[in-house]
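Working notes, beginning with the structure itself.
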Amino acid sequence: MVNLTIDGQEIEVPSGITLLQACELAGKEIPRFCYHERLAVAGNCRMCLVEVEKSPKPVASCAWPIAEGMVVKTDSPMVKGARHGVMEFLLINHPLDCPICDQGGECDLQDQAMAYGKGMSRFEEYKRAVMEKDFGPLVKTYMTRCIHCTRCIRFLDDVAGVEELGATGRGEAMEIGTYVQRGLSSELSGNIIDLCPVGALTSKPYAFTSRPWELNRTESIDVLDAVGSSIRIDSRGAEVMRVLPRLNDDVNEEWLGDKSRFAVDGLKRQRLDVPMVRSDGRLQPCDWDVAFRAIADRVGGEQGAKIAGIAGDLADAESIHALRELLDALGSPHRDGRQDGAKLDPACRAGYLFNTGIAGIDRADACLLIGTNPRVEAPIINARLRGRWLAGGFKVGVVGAMPSPTFRVESLGAGPRTLTEIAEGRHPFAAALRDAKAPMLILGQGALVRSDGAAVLATARAIAEANGLVKEGWNGFNVLHTAAGRVGALDVGFVPGPGGRDTAGIIAGAERGEIKVLFLLGADEIDTSRLGACFVIYIGHHGDRGAHRADVILPAAAYTEKSATWVNTEGRVQRTVRAVFPPGQAREDWAILRALSAALGRALPFDSITALRSRMERVAPALARTGEIAPAPWGAFGTTGPMEDRPFASAVANYYMTDPVSRASATMARCTAELLPRPEATGIHG
């Protein structure tokens, strides 16, 4: 600990921190533009100047180490004069176009010019102008506003790991750009909009649509991947205008993936807002009673063995549990929440969770990646892995394809043969895992959706048990999910009952005429062309693949339009909060299922979301611990057996379009067209 005096107040602070951090611990506000807590120190802007006793001039507190007995002043005449001068220089070339700037109302330069500026300028010469840069479909540039804080460069270099931005020239001639003109390819590029303190980088899709004081703010959770990032939904009236990240050190820190941030325009396109019934080969709008009557007429005479249900990737835990209770009431054991066919074993919760925890990555010192590319499957987790690699002492091995990694990895092999060698201790990387103090592995969905996925899961468990990944106080076995609703579905037991069919069996049964009625709860990733003459009831919010095949459509609420429970890949139970109301006649999924059950003469025993959650939590006690990760006991899972000798591949081919919301987004369509590598450029065909 170090003792120092700040503005006459004696304070004891940890050694090794900077003067700016010490001032903040003392409760002093220090203005800054270039400094950011999660980025490397640059010391560019000089706005954080303070006076240090015996120093002939002010010092930049963000880059100045503390020392014992240091006497610091943060509000002396010298400091105030220095800040006035720095602000005057920063505004020399700034265009001062606040009335037409998208950053207006939430701009650091505005706020600090008001608080620390002089209120006048002596500059009368011509201001400089900088040509605009094209950073792609997401980030809008106005580089004349740039003050060269370099936050954007440092973020892409340090956090995202995509070194695409840099500075050319010096002094007034310095410009931030991509060297060769191209769009930013990072899946985290939108975060530089939040980091930019002056409006040089703003959101291109959001440009000129609203002002911050017009918006209602709702704190919620993102469900477009399985990370469960904390977000803030900004809405105006019935429309979601934008989504921004919230601080959550245990999950997403303060970052957000581009899909989660920019796909929200998909919430107002291709929406289902009225019930529909297929008549004469076409879906016709109707009211709820007509839709329920059509279902009752078709379902009423069917045996339970001929009825099935599949839950989709964006389904919340309450609606999945309600569908399970309805299927139980109808006597059907055929249900599955793994629409991609992943061979996950629901018998042991530790066998399908990211047991280390996202924040636990910071403790690991060796990592084995199996059939996953976290850069496109979970950019936030990929950023954590990169941060741990940058800290040093973190060896990463990969089994399978992992194109364009953002940190150094060692390619160990392509498929199951390498896994077997590691499990048996014959591969050199097995020794690296055994020698590590906190080793971990990450098993991706690309390794689990194969026909031999259960055997791959068992082999991964064998690797964990043989190499010290599971021990007292540490569980390094991790499954990386790509679907927000998957863990919740497994927790509430939405898997085949005794004698029941899984997703593949349900589809095959529908094709052969053995399954007559199929409930699709937002399930859009299945091959609907194989459903034959099956009567399909689709409950969802977008006119995607499942809705196109449906015989009856029941319009539901999207994740921004309801309060519902999701469980992220690490098993953390979180709830969204309704920001806007559903469009038209759309209703919350659980309420639709409750009303439908009454129409079928099988009324479910709950009338409120509270009663439903109470029943759900009796089935899955872990869901009662909102915001927490319930400990998962280790046990046996997976099925030992032969594995196919073919390479592992990521389950995500196009990061920008993985679900009905992002597929409906015009912004994500532009990203797909402009940012994904073209086959002719990579040599990949077909």
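No hydrogens, no waters, no symmetry mates; every other heavy atom, side chains included, goes into these values. Numbers for residues simply follow the sequence, beginning at 1.
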Legend entry - Pair D524-Y538, side-chain donor/acceptor within less than 3.5 Å: yes

Inset, instruction - Determine whether L554 and F292 make a side-chain contact, defined as any pair of heavy atoms from C-beta on separated by less than 4.5 Å. - result: yes

Inset, instruction - Compute whether any side-chain donor of one residue and acceptor of the other, for T658 and K259, lie under 3.5 angstrom apart. - result: yes

Legend entry - Closest non-hydrogen atom pair between A350 and P633, with its separation: CB-O, 3.5 Å

Inset, instruction - State plainly whether the residues E511 and R530 are in salt-bridge range, i.e. N to O under 4.0 Å. - result: yes

Legend entry - D659/R663 ion pair, N-O < 4.0 Å: no

Legend entry - Side chain proximity check, R375 to N382, heavy atoms < 4.5 angstrom: yes

Legend entry - R575 side chain to S563 backbone, donor-acceptor under 3.5 Å: no

Legend entry - Within-4.5 Å side-chain heavy-atom neighbours: S614 and R618: yes

Legend entry - Pairing residues for D328 by the side chain to side chain contact (heavy atoms under 4.5 Å, CB included) criterion, not counting sequence neighbours: R324, R335

Inset, instruction - Could you tell me which residues satisfy ring pair (Phe, Tyr, Trp, His ring centres under 6.0 Å) with W255, sequence neighbours excluded, listed by chain and number? - result: H36, F155

Legend entry - pair V227-R384: side-chain heavy atoms closer than 4.5 Å: no

Legend entry - A454: partners by side chain to side chain contact (heavy atoms under 4.5 Å, CB included), with sequence neighbours left out: K343, T639

Legend entry - Side-chain touch H334/I515, heavy atoms, less than 4.5 angstrom: yes

Inset, instruction - Please check if the side chain of S260 supplies one atom and the backbone of L224 the other of a donor-acceptor pair under 3.5 Å. - result: no

Legend entry - Residue among D249, N248, L256, D250 satisfying side-chain contact (heavy atoms from CB on, under 4.5 Å) with S230: N248

Legend entry - Electrostatic pair D491-R349, nearest N-O below 4.0 angstrom: yes

Legend entry - 4.5 Å side-chain heavy-atom contact, V243 and D222: no

Inset, instruction - Give the C-alpha distance, both sets of side-chain angles, the deciding distance and a yes or no for side-chain hydrogen bond (donor to acceptor under 3.5 Å, both in side chains) between T372 and E377. - result: CA-CA 8 Å; T372 182; E377 295 174 24; 2.8 Å; yes

Legend entry - Side-chain ion pair, E254 and R246, N-O less than 4.0 Å: no

Inset, instruction - Please say whether the positively charged group of R615, taken as NZ for Lys or CZ for Arg, lies over the ring of F606, i.e. under 6.0 angstrom from the six-membered ring centre and within 45 degrees of the axis. - result: no

Inset, instruction - Decide yes or no for L448 and V479: does some side-chain heavy atom of the first lie under 4.5 Å from some side-chain heavy atom of the second? - result: yes

Legend entry - Residues D551 and R549 bridged, charged N to O under 4.0 Å: yes

Legend entry - Side-chain H-bond candidate by donor/acceptor type, N654 with T672, under 3.5 Å: yes

Inset, instruction - Answer yes if the side chains of D258 and S189 hold a donor-acceptor pair under 3.5 Å, and no otherwise. - result: yes

Inset, instruction - May I ask you to say whether E318 pairs ionically with R613, meaning some side-chain N is under 4.0 Å from a carboxylate O? - result: yes

Inset, instruction - Could you give me the CA-CA distance, side-chain angles and deciding distance for T626 and Q574, then say whether side-chain hydrogen bond (donor to acceptor under 3.5 Å, both in side chains) is met? - result: CA-CA 6 Å; T626 306; Q574 302 183 106; over 6 Å; no

Inset, instruction - Using a 4.5 Å cut-off on heavy atoms from C-beta on, say whether the side chain of V580 contacts that of S235. - result: yes

Inset, instruction - Using a strict 4.0 Å threshold on nitrogen-to-oxygen distance, state whether K268 and E239 make a salt bridge. - result: yes

Inset, instruction - Using only heavy-atom distances, determine whether the side chains of T503 and D336 contain a donor-acceptor pair under 3.5 Å. - result: yes

Legend entry - Parallel, tilted or perpendicular: rings of W634 and F637 (30°, 60°): perpendicular

